[in-house]
There are 2 protein chains.
Amino acid sequence: MSRSNPRVLSTLERAGGFASAQEIYRLMQREGESIGLTTVYRSLQSLVNDKIVDVLRRDDGEAIYRLCGDAHHHHLVCKSCGETVEIEGGAIEKWARVMAEEHGFRDVGHTAEIFGICSKC
Amino acid sequence: MSRSNPRVLSTLERAGGFASAQEIYRLMQREGESIGLTTVYRSLQSLVNDKIVDVLRRDDGEAIYRLCGDAHHHHLVCKSCGETVEIEGGAIEKWARVMAEEHGFRDVGHTAEIFGICSKC
DNA sequence: GCACAAATGAAAATGATTTTCATTCCCATA
DNA sequence: TATGGGAATGAAAATCATTTTCATTTGTGC
């Protein structure tokens, strides 16, 4: 297992905290940083494991990485412009817990996202 | 532009109204239907254009197609053995609707899955 | 039968992501 | 200061879903 290359995180921050692996790679190249695409992917994966960044998916399936606050939250994403709002998921937490218990599951986690068209689009 | 091959739609229905292009293709092959992967993709695209099916994304980015108006449900998945239980998500539906409204989003959909360890594992 | 448009599918192209593997770097210890 | 091993790196190849290309087949109206 490898640790994250700090330049990757700093580039993601500079990119507005929202970019794909390929974009981060291209950005670093353009800025004259010497790094391999492999290292970018590895660093991002490691940041995801450490819960320092979030992964979402563009409509075309490309993964986008984003810095996130440490509190557990969910996302409301605009399918058109990509605007993202972090939202509370209290109801979800309870739902997940109840459903898991009802079916005898333990060590449960969950994912939940809402997507639609924001008011500006 | 091409029209949808009816066997693709019927296979998607038989698959529980929820499958990826590759899965539909493999399913048709296994059932002895003669069809090309290209036609499967083209048919699904056409069904999406006609709003007969929905596209979502798996966590790994693979596109999954779902019959619109199909009874909507969620999954409880065992991380260890893969067993999957279909569950009701009434609470989620309401949560999604409320959150979307609160932030001025429209045409909203959502994804939600719970994963954990089942009682057998 | 004939021409022409639509449908089909094999194979190649594309693009993101992952894997492989040899090399380089770091660092603790002899 | 050597040296040995583990971690980090990146080029190149492999993988996998999806799209494109293009030649062939099929269907339909005339």
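Note on naming: letters A, B, ... go to the chains in the order of the sequence lines (proteins, then strands), and numbering restarts at 1 for each one.
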Please state how far atom [atom1] in [X] lies from atom [atom2] in [N], giving the value in whole angstrom units.
X: A:Tyr25; N: D:dT9; atom1: OH; atom2: P; result: 14 Å
X: B:Ile24; N: D:dT18; atom1: CD1; atom2: P; result: 10 Å
X: B:Arg3; N: D:dT28; atom1: CZ; atom2: P; result: 10 Å
X: A:Ile35; N: D:dA11; atom1: CD1; atom2: C1'; result: 14 Å
X: A:Leu44; N: D:dT9; atom1: CG; atom2: P; result: 13 Å

Is [X] reaching over with its side chain to a backbone N or O of [Y], donor-acceptor style, under 3.5 angstrom?
X: A:Thr39; Y: A:Ile35; value: no
X: A:Ser46; Y: A:Arg3; value: no
X: A:His74; Y: A:Ala112; value: yes
X: B:Ser43; Y: B:Asn5; value: yes
X: B:Arg57; Y: A:Asp59; value: yes

If only side-chain N and O atoms of A:Asn5 are considered, is one of them under 4.0 Å from the OP1 or OP2 phosphate oxygen of D:dA8? no
Give a yes/no on whether any side-chain N or O of B:Thr39 is located under 4.0 angstrom from OP1 or OP2 of C:dG9. yes
Hey, mind stepping through A:Glu23 and A:Arg58 against salt bridge (Lys or Arg N to Asp or Glu O under 4.0 Å) and telling me if it holds? CA-CA 13 Å; A:Glu23 285 166 356; A:Arg58 292 231 175 91; 3.0 Å; yes
Give the intermediate values and the outcome of side chain to side chain contact (heavy atoms under 4.5 Å, CB included) for residues B:Val48 and B:Tyr65. CA-CA 8 Å; B:Val48 169; B:Tyr65 300 85; 4.0 Å; yes
B/S/- along nucleotides 14-25 of chain C (protein heavy atoms under 4.0 Å) is --SBBB------
Inter-end axis angle, the helix from C:dG1-D:dC30 to C:dA30-D:dT1, with every axis fitted to five base pairs (rounded, 10 degrees): 0°
Expected list for residues 96-103 of chain A: side-chain donor-acceptor pairs under 3.5 angstrom, two or more places apart:
from     : atom 1 : to      : atom 2 : distance (Å)
A:His103 : ND1    : A:Met99 : O      : 3.1

